Amino acid sequence: MATESAAKPQKFKAEVSQVLSLVINSLYSNKDIFLRELVSNAADALDKRRFESIAKPKLTPEGHEPRIRLIPDREAGTLTIWDNGIGMGKGALAKDLGTVARSGTKEFAKKLEEATQQAEQGELSLIGQFGVGFYSGYLVADSIDVVSRGAGSADAHRWSSDGQESFTIEATEREEPGTSVVLHLKDEQKKYLEEYELRNLVRTYSDFIDYPIELLVDRKGGDDDGDDDGDEPQGPHFESINRASALWTRPKSEISDEQYEELYKHLSHDWEPPLCRAHFSVEGTQMFTGLLFVPKRAPFDMLAPQGESEHGVRLYVRRIFIMDNCKELLPRWLRFVRGVIDSDDLPLNVSRELLQDSAIVRVIRKQVIRRVLDALGTVAKDSPEQYAVFWNTFGAVFKEGLHFDADQKDKIAPLLRYESSGSEGLTSLPEYVERMAEGQEKIYYALGPSSEMLLKSPHLEGLKAKDYEVLFMTDGVDQWAVEGLQEFGGKPLVTAMEADVDRGDDGKSEDADKEGGELSELRERCKQVLEEHVSEVRVSSRLTDSPACLVLPKGGLPAHLERMIRSYQQDLPTQKRILELNPSHALIKRMESVRADEPESDKLTEWIEMLYDQALLSEGSPLPDPTRFASRVATLMEQQG
Ligand code: ADP
C-alpha cells in the first residue's frame, strides 16, 4: 500500500468529496459500472497515446501493442486495471484525480446540488450526467492506488487514497508508460476477482472497446469442467475477452441494442440510454461511417457554449481516434448530438484549421444533419411522448437551425413543436394546418413569456373570435427562428402581436384610422397624452373583450424580449408601440362621451394614462409606476362608492 513513504496527504477539491459521497450513497445498487468506467478511461488513454504519436512517433516505440489488462490477485484482494496508454505525470495525477475532471464551473456545483436533492428524493438518474468515472472505483474498493507513468517520461508515480478526504502521491517505478488502477476490494466485493464475473461484465459493458481487453487467468489443468482440453494453456496467462473491433465498423445486424447503448454511455458519460441513434455508412467519392446518438436529457454541460463541453462527436480517421467534440462536424443547433464519425478520407494529421474549410467535412456535416433529422422524425412519428421529452429538453437549441441552416427548413419545420390555443400539449405545424378553420389562410403565432399569459392576452381576442388557432412561442430564440421559417406548406406565418395582423378581414374600413375617422378626436387626445410611449393610436379590429391593447409596429420587438435585451443592453432605444382601442367597449364609449363633453378634462387625461397601464398589465408587462396606478384605482373606487 501507499504509506511506506512520508508523502504528504493532499486534500481533494471540495466537489470531489461531494461526488465521492454521491457515488457511494447513490450508485450502490449498481456497483458493476465501476469496471465500465475504468476500462473506458483506459481506452481513452490508449486513444490519446495513439493520436499523440502521430505527431510524436517517439511516444510509441516499435512493437507497442495497445492493451487493457484486468489482473485479479486473490491473495492481495486486489483487481488491477492496467493499460499502456498515455499515462499521467505527477501533476496530472493530482489534477485529474484530485478534482472532478469536468468541473471548475459554477454550473457544475449548481447541478451537483440539484442532483443531490433529486438523489435524496430517490431519483438517481441525474447523477449519471456527471460521468463519475474514476471515482466509481470506490463503489467496490476501500482504497485505490493509481500507478502511472506518462508516455515519453521515465518517471512513475503512485497516487493513493481511501476516497475520504485526501490523497498522497509518491515516486515509484513502472516498467512501461501507462496506468494501473489498483482496487483494494472491499471484503464483500471479492466476487470481482472471479473470471466468470469479469468476463461477463466486459461482455456486457465494454465489448465494443476497440482495444484488446485481456484477463489474467490461471487454469490449473482440467479442474474447471472435468474435460481435459488439451490445447488450453495452463498456468497464469492473459486471454483476450472482448472482440476489440470498433462497434461502428460492424454490420448493424450484428449489434444489439445493449451494445449500442453501452457505446453511447462510454461516449457521452450519460447514465440513461439514448433517445435514438443513426448508424450509417456512406460510400462513393467519400467514405465514412457515422454512429450518432441523441440523448434523452441534457447532460449538465450540454448547453454550455460550444467548445466548452468535452463531448459531442468524436472524429476517427480509419479507426484511429483523432479528437473529441469535433464541432466542425456538427452544426451548432445539433450540439446535443453525441457519437462517432470515422472518415476514410481525412488525413491522420488533420488539424482544426484544416477541418474548418474541408470539402470532406462539409459532405460529412450534410449527412450528419440528414441522418439526425431522419432519426428524430422516426421518434416523432412512432413515439410522440418521447419526442415531447426531447423537445422540452432540446427544442430551444434545435430551433436555432431555422436561422443558421435556413436551407434545411423544410426538413426542420415538421419537427417543430409549439403549445397553442387550440391543442392540449404540443402541436406540430402539419397538425395545425390540418385544424385550420375555414377561410383561414395564415398560420398565426404569438410571442410572449408564457403560454398562460398569451392565452389571456388581448391580442388574440379577434383571432379567437374567428376560431383561428394561435401558436405560442415562448422561447427567447423563437423571434428570430420564426423569421427563418416564414412559411409552412405555402401558408405564411404571421404574428398576432403585430399591428397589421388580419386587419380588414372582417370588413372594417382602414379609413377608421385616418383623420376624421372613427374616434378620431379621442385617438388624437390619447396620442398627445401618451406621446412618450406610443407612436400611433388606432381603432382595433381584433379586440372583443378588452378595451385596449398595445401592438407592435411591423417587425417590432415583442415587449418581453425588449425587456430581456434591455436588461443587458441599457442603451436600447425605446420602441414605441401602437395603441389599439376597442370602439365597442363600454369604457372606450364612456371616454369618448367624456371627451365630447369636455375635451380638455383632466379626468380624461388620467383615464387615458390608466388605459395605457392596464394594456401593459393585460399583456404581462410591468408598469412604469405601479404605486401611482394603485392609488388611482383606489381613488376611482372611492368615487364609485
Ligand atoms: P472523465 O473520464 O470523465 O474525464 P474521470 O474521473 O474518470 O473523468 O477521469 C479523470 C481524468 O483522469 C481523465 O479525464 C483522464 O485525464 C485521467 N485518467 C483517468 N484514468 C486514466 C488512465 N487510465 N490513463 C490516463 N489518464 C487517466
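Counting starts at 1 for both ligands and their atoms, in listed order. Note that the structure is predicted; figures quoted are calculated from it, not measured.
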Any N or O on Y135 sitting closer than 3.5 Å to an N or O of ligand 1?
no
Less than 3.5 Å between some nitrogen or oxygen of L97 and one of ligand 1, yes or no?
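For ligand 1, there is no N or O atom that lies under 3.5 Å from one belonging to L97.
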With a 6.0 Å cut-off on the ring centroids, do F394 and F398 count as close?
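No, they do not, as the ring centres are separated by 6.0 Å or more.
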So, do Y135 and Y138 have ring centers that fall under 6.0 Å from each other?
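They do not qualify: ring centres at least 6.0 Å apart.
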Quiz item: cation-pi between R69 and F238, 6.0 Å / 45°:
yes
Test: R314 and D44 ion pair at under 4.0 Å:
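Salt bridge between R314 and D44, a charged N being under 4.0 Å from a carboxylate O: yes.
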Charged N to carboxylate O under 4.0 angstrom, R199 versus E195?
yes
Just to be sure I'm reading this right: ignoring hydrogens, which of R49, K48, M88, K95 gets closest to atom 21 (C) of ligand 1? Compare them by their nearest heavy atoms.
M88
Structural part of T179 in contact with ligand 1, heavy atom criterion under 4.0 angstrom
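T179 to ligand 1: side-chain contact only, backbone stays beyond 4.0 Å.
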Given that the side chain starts at C-beta and the backbone is N, CA, C, O, which of these parts of V146 lies under 4.0 Å from ligand 1, counting heavy atoms, or is it both or neither?
neither
